[in-house]
Amino acid sequence: MDLQTSINGIFDNILEREQIFVNKEVLRHSYTPLELPHRKIEIHKLAFILAPALKNETPSNILIYGKSGTGKTIVSKFICKELEKTGKKKKKPIQTIYLNCEITDTKYRVLANLAKHFKKEIPFTGWPTDKVYASFLKAVDNKKRSIVILLDEIDKLVQKDEGDILYNLTRINDDLKKARISIIGISNNLKFTDYLDARVQSSLGGEDIVFSPYNAQQLEDILKQRSEIAFQQGVVGEFVIPLCAALAARDHGDARKALDLLRVSGELAEREGSDKITEEHVRKANDKIESDTVLEASRTLPTQSKLVLYTIICLDERGGRTITTGEVYDTYKKLCKYARIDSLTQRRVSDLILELDMLGILSSKVVSKGRYGRTKEIKLDINQVQTKILLSNALKTRNISNFKLPQRKLH
DNA sequence: AATCCACAGGAAGCCCGGGAAC
DNA sequence: GTTCCCGGGCTTCCTGTGGATT
């Protein structure tokens, strides 16, 4: 009976306890606030460059640089929205398209995705790329209009050697009779133009805008602005926002990180049933975010990468010398044999280690040991105990937790 | 100064699954 | 069905290299 009554009101109880947040969505990165603090100059510059679109002229292509969490995406999206709005008011058809090149990461997909915005369905794969291009061209050019294409994380395309799509896109106006296309490229990498074709470089980089990282004070302003909408009055402790700002500023002024910190701190406080967010919550949130991202990354790793990571953790536990590629490969091969899984070549494993590095799970550094060759020195950046348990669970059909490291060879 | 280790990491090409077109 | 494309994972083969040792 007692149990019944307490369960009956379970959601009421939870809702009653929600004394921290008013609107949590405000703290997510996808949320666009009405005002973007400390980005006035950039907004004006962008607007100035894009304004010709409203006078039936083609705006210059633009390149936007800046590290992650400096507001590049949000500012560009904001401006595009405004541009469309004004275009509608003035009866000038302007369409803006947002594409993230980390997801849409090949020329085929970029073109297919663009074509989709003009009601042209193109299969995931199958067509020759030039056919997709032609089909996109036809769909766009069926009436007079201005189009602004926002290519986020454009450096990913170049990295994957798909940069020639940029050449096509920057020259597309030559093939168009009615429509006009401008491109805004957004890049995290300041030096990515170095890898571009000189012709693309000149036409894409007509205008450059650099977003510098926020400093701690600016981050504080951003957090203050959002926290006023996000939280109940008086729940945010005095030093909470400065601490979030300081922690994020240390991480190259990443506003996303600052917002995450604040949100997770709030969630932790809420879960504890506390009615105030304290600095302690922020510290806990900082740890939680770090371990969550790493664990999540490890969980979604393909089997072979899991095996490689497991090998490295085992070697690291044994301690002693620094870990090198050759050592990892030897042990990995034994582990594979033990688990009855086909092993990959050293070349491939070397790439897998690099991938783990890029995920922030480990850091590897190429060092030369003189007579004893050149190799990568590998250092783990994660909570090994948790990750090891997670990995052996994920691979439990192979029973790898019983795997014993072979005796260390004497050098 | 020459040698040589133990790899790094580029290039090319294979194989496979997914899909379209004929 | 066959034949064509695309992309991703992988192998094979390869050339390159920093610096301790000879």
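Since the structure is predicted, the reported quantities are computational estimates derived from the model, not experimental observations.
Note that A/Lys369 lies outside the cation-pi zone of A/Tyr372, set by a 6.0 Å cut-off to the ring centre and a 45° limit from the axis. Figure legend: cation-pi geometry between A/Arg263 and A/Phe21 absent, as NZ or CZ is not positioned both under 6.0 Å from the six-membered ring centre and within 45° of its axis.
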Run the numbers on A/Lys376 and A/Leu354 for side-chain contact (heavy atoms from CB on, under 4.5 Å), then give the verdict. CA-CA 10 Å; A/Lys376 276 202 277 271; A/Leu354 226 58; 3.6 Å; yes
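Around atom NZ of A/Lys24, more than 12 heavy atoms belonging to other residues, nucleotides or ligands sit under 6.0 Å away. Atom NE2 of A/His44 has 12 or fewer neighbouring heavy atoms from other residues, nucleotides or ligands inside a 6.0 Å radius.
Protein atom CG of A/Leu354 is 9 Å distant from nucleotide atom P of B/dA8, rounded to whole Å. The CD-C1' distance, from A/Glu327 to B/dC7, rounds to 13 Å in whole Å. In this structure, the CE atom of A/Met358 is 11 Å from the P atom of B/dG9, given to the nearest Å. To the nearest angstrom, P of B/dA6 lies 14 Å from CZ of A/Arg374. Rounded to an integer number of Å, the gap from A/Tyr108 OH to B/dA20 C1' is 8 Å. The distance between atom CD1 of A/Ile353 and atom P of B/dA6, rounded to the nearest whole Å, is 17 Å. Here the P atom of nucleotide B/dA8 and the OH atom of A/Tyr372 are 19 Å apart, to the nearest Å. If you take NZ of A/Lys365 and C1' of B/dA8, they are 16 Å apart, rounded to a whole angstrom.
Comparing B/dA21, C/dG8, C/dT21 by their closest approach to the side chain of A/Lys131 singles out B/dA21. Nearest to the side-chain atoms of A/Arg371 among the listed nucleotides B/dT3, C/dG16, C/dG7 stands B/dT3. Each of B/dA21, C/dT17, C/dG8 was ranked by its minimum atom distance to the side chain of A/Thr106; first place goes to C/dG8. When each of C/dG7, B/dA20, B/dC7 is scored by its nearest atom to the side-chain atoms of A/Arg109, the top-ranked nucleotide is C/dG7.
At the phosphate of C/dC6, neither OP1 nor OP2 sits under 4.0 Å from any side-chain N or O atom of A/Trp127. Taking 4.0 angstrom as the limit, A/Ser368 places none of its side-chain polar atoms (N or O) nearer than this to OP1 or OP2 of B/dA6. Here A/Ser350 reaches the OP1 or OP2 of B/dA8: one of its side-chain N or O atoms lies under 4.0 Å away.
Nearest-nucleotide mapping onto DNA chain B: of A/Lys369 and A/Val366, the residue sitting toward the 5' end is A/Lys369. Residue whose closest nucleotide on DNA chain B sits further toward the 5' end, between A/Lys376 and A/Gly370: A/Gly370.
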Heteroatom pairs (N/O) under 3.5 angstrom, protein to nucleotides 9-12 of chain C:
residue, atom, partner, partner atom, Å
C/dC10, OP2, A/Arg348, NE, 2.8
C/dC10, OP2, A/Arg348, NH2, 2.9
C/dT11, OP1, A/Thr345, N, 3.3
C/dT11, OP2, A/Thr345, N, 3.0
C/dT11, OP2, A/Thr345, OG1, 2.8

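Taking each heavy atom of A/Thr170 and A/Tyr167 in turn, the nearest pair found is OG1-O, 2.9 Å.
Not a single donor-acceptor pair under 3.5 Å links the side chain of A/Ser350 to the backbone N or O of A/Gln346.
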